[in-house]
There are 2 protein chains.
Amino acid sequence: MNDITTPTAHMAPVTLRDIAERCQVSKSTVAQALRGQSRLAPATVARVLAVANEMGYDPSFHEGARRLALRKHGREMINHLVALFFPQEYLRIPFFLETFRGIADVLGAAGFGVCVGHVTGTHADGSLLPFPQVMRRGDLDGVIAPGSTLAQGLLDELRASAGFGNRPVVSLFDATAACSNAVADTPGGVREAMRHLLQLGHRHVLWVYYHITEQGPAPVDRYLAACRAMEEFGLAPARHLHLFPFIAEWVNPHTAHHDLAELEAGEAEPAHPLVEYLETHPEITAILAINDAFALHAWYTLHHAGYAIPEDISIVGFDDTDPMRDAHGTNLLTTVRCPLETLGREAGRLLLARITGEAVGEENVLLPTELVVRRSTAKPAE
Amino acid sequence: MNDITTPTAHMAPVTLRDIAERCQVSKSTVAQALRGQSRLAPATVARVLAVANEMGYDPSFHEGARRLALRKHGREMINHLVALFFPQEYLRIPFFLETFRGIADVLGAAGFGVCVGHVTGTHADGSLLPFPQVMRRGDLDGVIAPGSTLAQGLLDELRASAGFGNRPVVSLFDATAACSNAVADTPGGVREAMRHLLQLGHRHVLWVYYHITEQGPAPVDRYLAACRAMEEFGLAPARHLHLFPFIAEWVNPHTAHHDLAELEAGEAEPAHPLVEYLETHPEITAILAINDAFALHAWYTLHHAGYAIPEDISIVGFDDTDPMRDAHGTNLLTTVRCPLETLGREAGRLLLARITGEAVGEENVLLPTELVVRRSTAKPAE
DNA sequence: CTGAAAGCGCTTACAG
DNA sequence: CTGAAAGCGCTTACAG
């Protein structure tokens, strides 16, 4: 790809020299006047400013030259550009979008552009996409990214690049050492949700998680919070907290929710793993899902298999982003709400404070979550 | 805000001069070798390249200087940065996000950063936000924006700014003169949807639209398509196409869907305007909504008022972004699907072609839409 | 109080 | 085939 183009004729933009000529002063004087911090005669400053304004001088257009000149003296400029990195599929996930809104609002209000970058994007041949050029040449004043994304090596890559160095980074959703963090208290939300179920009388709960890691079912901190809540009620998690891994097809738009109705009409339906599991574990009376999408899929699946919600099984979601509406439009799903837009705002605020130098060290923000009790949870059947 | 910071000690990045010294050649030679297009001795080129590589020379880090130097010769560089402008609330709208994904994918794969900009953002005091700095200084190679946004004056503002000039612009969703367009054939979708209803036997249809303009109910092109479809069946739109303006509270997350259930328990419920309208116009047997969210709200409202869907009223949505699921998770809403991610890809492709110079003039892409018939439409009751 | 100078890191005519 | 020169537009020491 040819990177250089010869543009169609442009009106030449106004430069310091143009102003200097018109004012009959030197370029240095104009530069000083424009920067404001000088011992020039007030009258000179006023005259230069007036002429600059009249000629339509646009300093932002010449920031490149300014940056270059400043390097000589070992100083850097704020570029008013930050990147928001995230895995490609996040643009489909409502809880990310709420956060995105908060970030974009705060940074936009401060005059910063927010550049989006997919970290897990791949070329057609499967090779990983490199960062866009903007992100590789010191244009970025800072970066916001989900903790999971940073943990995958993005942070190291950024720190190693000459263009980024030790500029500020804010981790979103999950706390990460070596940068600032803006996270919601999701373990607290899990604890509340579990207490809610236990207080209703449930004793065997199915924990629907993402995938297993060496440390346990991910996200591990939430799993541990669920365990602790059980222990508070004198229950041994090993016996009372049942584990069920989430299955990708549940929320894949091409496979989820589409086949149940068709199966009705057709041949014998294969048993859904979740239904099988519950049939062999009749002591389970409640499901705690890692997000609303999983909760909804469990709900549809169980309804289809003849379970009544919440009479036979109580279901709790997470995030409060995907409603389960009845025919009146009322959301029935008990879930844990995270202050996502606020989380985004806080992430933006932390980053700005570091960029402008108002803050020096890393800072962590932890926002409370809130259990929202609706109609998908009830006392277990007796 | 102080724009300049004195950074912590950075390792000085490698420059042409460093390489030149090590190679015992001049800076010009190094520059030529690095650019590749020269009549240098192949051996020299090889040696310079090897040393540059070994020293870790990063050309992208010095793009600023390169840009500056190129200006002297009236040439411009591609900056690998484009902006995507949209009204603030679009980050909540699923149909925009699908499109966003397509845009980000295509541009990311080409090494371009995508910078998001809110056009309707306001400061706390209500004043309109200016563009972020990046967007005001010639950093942008091009812009993508919804047609509605461009029509509000963004295009003029961009063209008038020295930093942007006549760079390429692609209009999304709605066609706009004076730039390239990537739009879906929504009028075609409306026509199909209306034919579907008329073929089922409906004769009086309620058209739920955004708001009235001088040209008619917006979006006007879709309204006219609805009229034409009626005329094809020998019906006069003036008598058979009933107009109902959309009410903002319907999709405001703070007021929509929340109160119906609570009202059940409480005092006398005020009649919903839609219900009132249908009661005074019993000849209406079908609703054609401008998007799925409105269709869903109409559905919930009518269900609550005792109407059966589709037995009493057929409902057609638009976009296929918001499902109306039954308890099995099956989507019941008949609607018109737009190829949104593809639309985003096309918009990105058009922009890239202009930026790289592969395409010269404006180009328009029109993608077909598709009626998806589900269970919310049926023959009218008789 | 103001200006001439050196230089950020690069580019491309232009000499040799 | 290679290098010295001029310059992009700016900045800040440093003289005067």
Side-chain angles (χ1 to χ4, degrees), chain A residues 3-7 10 12-21 23-48 52 55 57-77 79 137-138 162-163, chain B residues 3-7 10 12-21 23-48 52 55 57-77 79 137-138 162-163:
Chain A
D3 267 11
I4 302 179
T5 61
T6 312
H10 244 48
V14 182
T15 69
L16 288 200
R17 203 159 63 98
D18 300 329
I19 302 173
E21 273 174 16
C23 290
Q24 301 282 44
V25 294
S26 72
K27 277 175 12 181
S28 342
T29 302
V30 176
Q32 298 249 34
L34 254 28
R35 292 295 135 239
Q37 44 202 353
S38 71
R39 313 123 302 176
L40 292 178
T44 314
V45 174
R47 190 156 48 95
V48 169
M55 296 179 79
Y57 179 75
D58 181 359
S60 64
F61 189 71
H62 299 300
E63 276 195 18
R66 197 169 167 220
R67 288 171 83 73
L68 195 58
L70 281 164
R71 273 226 209 137
K72 183 182 177 185
H73 308 279
R75 315 182 73 186
E76 288 190 4
M77 280 180 65
N79 199 29
R137 59 188 187 216
Chain B
D3 269 12
I4 302 179
T5 60
T6 312
H10 244 46
V14 182
T15 69
L16 289 200
R17 201 159 65 99
D18 300 328
I19 303 172
E21 271 174 17
C23 290
Q24 301 283 44
V25 295
S26 72
K27 276 176 11 183
S28 338
T29 302
V30 175
Q32 298 249 34
L34 254 28
R35 292 293 135 242
Q37 43 202 355
S38 71
R39 312 123 303 173
L40 292 179
T44 315
V45 174
R47 191 158 46 93
V48 170
M55 297 179 77
Y57 179 74
D58 180 0
S60 64
F61 188 72
H62 299 300
E63 276 196 18
R66 200 172 165 219
R67 288 170 84 71
L68 194 59
L70 281 164
R71 272 225 210 139
K72 181 182 178 184
H73 308 279
R75 314 182 75 188
E76 289 190 2
M77 279 181 65
N79 200 29
R137 60 190 186 213

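Protein chains get the first letters and strands the later ones, always in sequence-line order, with residue 1 at the start of each. Any value given below was found using the heavy atoms of this structure, including those in side chains, with hydrogens, waters and symmetry copies removed.
- With sequence neighbours excluded, the residues forming a side chain to side chain contact (heavy atoms under 4.5 Å, CB included) with B/Ala20 are B/Lys27, B/Val30, listed by chain and number.
- Phosphate proximity of D/dC10 to A/Arg67: absent, as no side-chain N or O sits under 4.0 Å from OP1 or OP2.
- Rounded to whole Å, the distance from CG on A/Leu34 to C1' on D/dG9 is 12 Å.
- Ranked by how close their nearest DNA chain D nucleotide is to the 5' end, B/Ala65 and B/Ser26 are led by B/Ser26.
- Distances from the side chain of B/Thr44 to the nucleotides C/dC8, D/dT2, C/dT11 place D/dT2 closest.
- Residues forming a side chain to side chain contact (heavy atoms under 4.5 Å, CB included) with B/Ala31 (at least two apart in sequence, or on another chain): B/Leu16.
- One atom, CZ of B/Arg17, and another, P of D/dA4, lie 14 Å apart when rounded to the nearest Å.
- We find that CZ of B/Arg35 is positioned 12 Å from C1' of C/dT12, with the value rounded to whole Å.
- Evaluation of the salt bridge (Lys or Arg N to Asp or Glu O under 4.0 Å) rule for B/Arg47 yields no partner, not counting sequence neighbours.
- Residues forming a side chain to side chain donor-acceptor pair (under 3.5 Å) with A/Thr44 (at least two apart in sequence, or on another chain): none.
- Nearest nucleotide to the A/His62 side chain, out of C/dG3, D/dC10, C/dT12: D/dC10.
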Could you write out each protein N or O paired with an N or O of nucleotides 13-16 of chain C at a distance under 3.5 Å?
none

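- A 4.5 Å side-chain heavy-atom check between A/Gln32 and A/Val48 finds every atom pair outside the cut-off.
- If you measure from atom CZ of A/Phe61 to atom C1' of D/dC8, you get 12 Å, rounded to the nearest angstrom.
- Regarding contacts with the backbone of C/dG9, every side-chain N or O of B/Tyr57 stays at 4.0 angstrom or more from both OP1 and OP2.
- When the C1' atom of C/dC10 is taken as reference, atom CG of B/Asp58 falls 14 Å away, rounded to whole Å.
- Residues B/Asp18 and B/Met55 approach most closely at CB-CE, 3.8 Å, considering heavy atoms.
- Scanning atom types as modelled, no donor and acceptor separated by under 3.5 angstrom connect the side chain of B/Lys27 and the base of D/dA4.
- A sub-4.0 Å separation between OP1 or OP2 of C/dC8 and a side-chain N or O of A/Arg66 is absent.
- The CD-C1' distance, from B/Glu76 to C/dC10, rounds to 17 Å in whole Å.
- Closest to the side chain of A/Leu68, out of C/dG9, D/dC10, C/dC1, is C/dG9.
- Here the shortest heavy-atom pairing between A/Leu40 and A/Ala33 reads CD1-N, 3.6 Å.
- For the strand DNA chain C, secondary-structure stems (runs of at least three Watson-Crick or G-U pairs, all distances below 3.5 Å) span C:1-3 with D:14-16, C:5-12 with D:5-12, C:14-16 with D:1-3.
- Side chains of B/Pro59 and B/Arg66 form no contact here, defined as non-hydrogen atoms less than 4.5 Å apart.
- As a whole-Å value, the separation of B/Leu16 CG from D/dA4 P is 15 Å.
- One distance of note links OG1 of B/Thr29 with CD of B/Gln24; it measures 12.0 Å at 0.5 Å rounding.
- Ranking D/dT11, C/dC10, C/dC1 by closeness to the A/Leu70 side chain, first place goes to D/dT11.
- Atom CD in A/Glu63 sits about 16 Å away from atom C1' in D/dC8, given to the nearest Å.
- Distances from the side chain of A/Arg71 to the nucleotides C/dT11, C/dC1, C/dC8 place C/dC8 closest.
- Taking every heavy atom of both residues into account, A/His62 and A/Tyr57 meet most closely at CD2-CE1, 3.7 Å.
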